[in-house]
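First the structure, in the form of structure tokens, and then the observations on it.
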Protein chains: 2
Amino acid sequence: MGVRDITDNQKSIFYLLTQDEKEELQHHISLSHYKKNEFVFKEGDKPTGFMILVNGKVKIFKEGVGGREQIIRMTKPLGLIGYRALLGEETHNGSAVTLEESLICNISAEFIFNRALKNPDFSYRIIRKLCQELGFSNARTVTLTQKHIRGRLAESLILLADKYGYEHDGFTLRAYLSREDIANLSNMTTSNAIRTLSTFANEKVIAIDGRKIKILDANRLERISKLG
Amino acid sequence: MGVRDITDNQKSIFYLLTQDEKEELQHHISLSHYKKNEFVFKEGDKPTGFMILVNGKVKIFKEGVGGREQIIRMTKPLGLIGYRALLGEETHNGSAVTLEESLICNISAEFIFNRALKNPDFSYRIIRKLCQELGFSNARTVTLTQKHIRGRLAESLILLADKYGYEHDGFTLRAYLSREDIANLSNMTTSNAIRTLSTFANEKVIAIDGRKIKILDANRLERISKLG
DNA sequence: CCGCCTGTATGTTTTATAGCATCAAAGCTA
DNA sequence: TAGCTTTGATGCTATAAAACATACAGGCGG
């Protein structure tokens, strides 16, 4: 993924801007580089613009009771960051931190409000994106509150596979999170994430080697997520 | 609230349509009457249109593990129902059931897509609404998973007060839910909702008389929600 | 009027998971 | 390389909340 993809890649939200709009967009873009584990913004910050992840991985999380963090979602290249707060005219209600070295493209709020949102195709694409994310969030609320530990962890692993895919071997998750992040994604303590991953490994559902996780039996994992 | 409010009330999402658009809207409206505890739509249904609640109360919930229901949100007059699925071009991912006798206004999908969404003011209002709801949903995910029973129940009571307000006495919640619904809103079993409500009543934070709930000490309730 | 069902109330038991403690391994820095 | 810090692993204990059981009250239909 590169900066060009922001206008030229079908998956980018800006793909269907008119040629004119795309040209103007160029004048409203700036790029920022982030190291691993760097904050992009913090809960309570005022949004500065519309951000697109060009390269890397970012987690968006909220601090809960006693500072315990819950990862709300994770972003892959061409994904949007912090747009909810900007478009909703609110402050950020979660924090964003890079999981690896990342490149983020910042588009001025002015361009979004005065140009992009005047284009109904763009607006509608934003609306669809928000609707989908809202559906996802509602579903997560239910599974995170109702499923048991095994089910929650299995769901998280499936989520990671869906979002980041596999390495060339077809088994290894293309995401190398700490156990703590896996726990924060799955609403459990780090100990329980470690313990349950070990159990899954014993059951040959996955194989673990440090942060490398191989999904050996995706069907079984799916079943654990649904029923466990 | 009446049907007129849909175009004339500032709080309605259609308020800022042009006069022309408002007139055309009249030809795309139909009204439906629902009795108490009637389904408006079910999880998995294809959305039929854009719905606005004119009168009454509706709960939107998802069925989770073992049929246990989690109330995602509740609607008051001029609130939207089922628009997420329509605009996101998905099936409903939750069910809607009336909590009291209700009047619902249905606007054709055709009008929304071909007319309303061509108006950037309307689109942007939808976007803002979605952003706010998404923020709410994310926040709920964290509190429902992390807060303890007392905190979750206190939060639900505050939510009900914010959404439906108080009767003329200034204390009685203008919402008369079953204990089961209160439980499903707060992610707990009915027994625990009953028990915890009793505890709050003993502590003089609230007073209960059947389904009538008086908030006696709103500050204390707020504190319980934050810390408890 | 009586019995039945539904909703509410409350006590007891069981269990999932948080919390804590300890230890090993790995990674980093001086 | 040695020492320090972070991360991962695992056992034990404590506890919040579910699950279960029982009982009572109010409304409804026969």
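Chain letters run A, B, ... following the sequence lines, proteins first and then strands; every chain starts at 1.
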**Item:** Between P of D:dA17 and CG of B:Asn184, the distance in whole Å
**Value:** 17 Å
**Prompt:** To the nearest 10 degrees, how far apart in direction are the end axes of the helix from C:dC1-D:dG30 to C:dA30-D:dT1, each fit to five base pairs?
**Reply:** 30°
**Asked** Is it true that the NZ or CZ of B:Lys57 lies under 6.0 Å from the centre of B:Tyr164's six-membered ring and within 45 degrees of the ring axis?
**Response** yes
**Message:** In this structure, how many angstroms lie between the P atom of C:dC20 and the CZ atom of A:Arg68, rounded?
**Reply:** 13 Å
**Prompt:** Any donor and acceptor pair, going by atom type alone, linking the side chain of A:Glu38 with main-chain N or O of A:Lys35 inside 3.5 Å?
**Reply:** yes
**d(CG, A:Asn187; P, D:dA16) in whole Å** = 17 Å
**Message:** Quiz question: by atom type and distance under 3.5 Å, do the side chains of A:Thr199 and A:Asn202 form a donor-acceptor pair?
**Reply:** no
**Message:** Within the structure provided, determine whether A:Asn192 and A:Arg195 are in side-chain contact (heavy-atom separation under 4.5 Å).
**Reply:** yes
**Request:** Would you mind reading off the distance between A:Arg152 atom CZ and C:dA18 atom C1', rounded to a whole angstrom?
**Result:** 11 Å
Shorter than 3.5 Å, N or O on both sides, protein versus nucleotides 7-16 of chain C: list them out with atom names.
unit_1, atom_1, unit_2, atom_2, d
C:dT8, OP1, B:Arg211, NE, 3.3
C:dT8, OP2, B:Arg179, N, 3.1
C:dA9, OP2, B:Arg179, NE, 3.0
C:dA9, OP2, B:Arg179, NH2, 3.2
C:dT10, OP2, B:Ser198, OG, 3.2
C:dG11, N7, B:Arg195, NH1, 3.1
C:dG11, O6, B:Arg195, NH2, 3.1

**Request:** Find the distance A:Leu153:CG to D:dG8:P and express it as a whole number of Å.
**Result:** 14 Å
**Message:** Has A:Asp45 got a side-chain atom pairing as donor or acceptor with A:Pro47's backbone, closer than 3.5 angstrom?
**Reply:** no
**Complete:** From NZ of A:Lys147 across to P of C:dT17 the rounded distance in Å is 13 Å
**Request:** Sequence neighbours left out, what passes salt bridge (charged side-chain N to carboxylate O under 4.0 Å, His left out) with B:Arg211? Give chain and number order.
**Result:** none
**Message:** In this structure, how many angstroms lie between the P atom of D:dA18 and the CE atom of B:Met188, rounded?
**Reply:** 7 Å
**Message:** I'd like to check B:Leu78 versus B:Asp5 (side-chain heavy atoms, cut-off strictly below 4.5 Å). Are they in contact?
**Reply:** yes
**Message:** From OH of A:Tyr176 over to C1' of D:dT7, roughly how many Å is that when rounded to an integer?
**Reply:** 18 Å
**Non-hydrogen atoms of A:Asn138 and B:Ser137 that approach each other most closely** = OD1-OG, 3.0 Å
**Request:** State, with a plain yes or no, whether a side-chain heavy atom of A:Asp181 is found less than 4.5 Å away from one of A:Tyr176.
**Result:** no
